[in-house]
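Values below: every heavy atom of this structure, side chains too, minus hydrogens, waters and symmetry copies. All residue numbers in this chain count up from 1 along the given sequence.
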Amino acid sequence: GTQAAYRYWCINAVDELGASCGITKVAFDTIPGTGGVPIWVSGANGNILSGQLADAQAYVNDRKPLTDTPTLSHATEQTIAIAGTVRFKTGQNTTANRQAVGDAIDAFFAALPISTAGDPVTVDEAAIKAAIYGGAPGKIADADVTPSTDTVLSSGYVAVPDYTTLAWA
């Protein structure tokens, strides 16, 4: 099968009741040339449940060519800690604005693919800050946050945010 076919099957995989397995990210390890097809998968905000992975594997197995042996596995999660303080303009430090910033951070990370040897993923610290400011446009006075450098993910890794220690002021 082609990578496009495997990507389609993984993203559209459902369990025996027809519920989505939740895969939104698919990447391929180096194909060994022996019929093996190593595939890393993840959901939008990190890995799917083990039962969902098993259901997705069964779904793909039902569709694969006879000569292929696809193996789905979780991508390795790499937590990117976002710490520091987001200072809102006067009167703008509201629950809704804090939630909007959190949603924007989550959306940024959900859009990042799984890193591969041929296409390594860089988690850009400036893009994280842009997501923070974009979450509440015109309402943030300053975002003094880390990480302060870019993070390059290893092959088979997927970035997940942790902003539980982010302070709001």
Non-hydrogen side-chain atoms of Val123 and Leu112 separated by less than 4.5 Å: yes
CD of Gln78 to OG of Ser115, rounded to nearest 0.5 Å, is 9.0 Å
Between the side chains of Thr122 and Asp124, does any donor sit under 3.5 Å from an acceptor? no
Can you check whether Asp55 reaches Val14 side chain to side chain, under 4.5 Å on heavy atoms? no
Same cluster for Leu53 and Trp40 if Ile/Leu/Val/Met/Phe/Trp/Tyr side chains link at under 4.5 Å? no
Output the distance between atom OH (Tyr157) and atom OG1 (Thr116), rounded to the nearest 0.5 Å. 14.5 Å
Write down the atom of Pro120, the atom of Ala117, and the distance for their closest heavy-atom approach. CD-O, 3.8 Å
Could you check if a side-chain atom of Lys129 sits within less than 4.5 angstrom of a side-chain atom of Val145, using non-hydrogen atoms only? yes
Working to the nearest 0.5 Å, report the span between CD of Glu125 and CG of Asp150. 5.5 Å
Answer yes or no: does atom CZ of Phe28 have more than 12 heavy-atom neighbours from other residues, nucleotides or ligands under 6.0 Å? yes
Measure the CG-CZ distance between Asp142 and Phe88 for me, rounded to the nearest 0.5 Å. 11.5 Å
Smallest separation among heavy atoms of Pro113 and Val121, with atom names: O-CG2, 3.5 Å
Separation between CG of Asn12 and CD1 of Ile23, rounded to the nearest 0.5 Å: 10.0 Å
Ile128 and Phe108: side-chain contact (heavy atoms from CB on, under 4.5 Å), yes or no, with the steps? CA-CA 7 Å; Ile128 294 170; Phe108 168 74; 3.6 Å; yes
Less than 4.5 Å apart, any side-chain heavy atom of Ile105 and any of Ile132? yes
Identify every side-chain donor-acceptor pair in residues 63-70 under 3.5 Å, counting partners at least two apart or on other chains, and give the distances.
residue : atom : partner : partner atom : Å
Arg63   : NH1  : Tyr59   : O            : 2.9
Lys64   : NZ   : Asp68   : O            : 3.0
Asp68   : OD2  : Gly1    : N            : 2.6
Asp68   : OD2  : Tyr6    : OH           : 2.7

Test item: Lys25 and Val41 side chains (from C-beta on) under 4.5 Å apart, heavy atoms: no
To check you understand the geometry: which heavy-atom pair defines the closest contact between Ala81 and Pro147, and what is its length? O-CD, 3.5 Å
Evaluate side-chain contact (heavy atoms from CB on, under 4.5 Å) for Glu77 paired with Ser42, printing each intermediate quantity in order. CA-CA 9 Å; Glu77 291 183 348; Ser42 175; 5.8 Å; no
In sequence, state the C-alpha distance, the side-chain angles, and the governing distance for Ile140 and Lys89, and then conclude on side-chain contact (heavy atoms from CB on, under 4.5 Å). CA-CA 5 Å; Ile140 296 175; Lys89 293 179 180 177; over 6 Å; no
Testing the basics here: between Thr165 and Ala83, what is the closest heavy-atom pair and its distance to 0.1 Å? OG1-CB, 3.7 Å
Side chain to side chain, Phe109 and Ile80, heavy atoms closer than 4.5 Å: yes
What heavy-atom pair brings Ala104 and Gly135 nearest, and what distance separates the two atoms? CB-CA, 3.6 Å
Yes or no on side-chain contact (heavy atoms from CB on, under 4.5 Å) for His74 and Ile48, after CA distance, side-chain angles and deciding distance? CA-CA 8 Å; His74 286 126; Ile48 59 175; 3.9 Å; yes
Would a single hydrophobic cluster contain both Tyr133 and Trp168, if residues Ile, Leu, Val, Met, Phe, Trp and Tyr are joined by side-chain heavy-atom contacts under 4.5 Å? yes
In Å, rounded to the nearest 0.5 Å, how long is the span from OG of Ser73 to CD1 of Ile39? 8.5 Å
Within the structure provided, determine whether Cys10 and Val26 are in side-chain contact (heavy-atom separation under 4.5 Å). yes
So side-chain hydrogen bond (donor to acceptor under 3.5 Å, both in side chains) across residues 103-114, not counting sequence neighbours, yields Gln99-Asp103, Asp106-Tyr163
Identify the heavy atoms of Ile82 and Pro161 that sit nearest to each other, and give their distance. CD1-CB, 4.2 Å
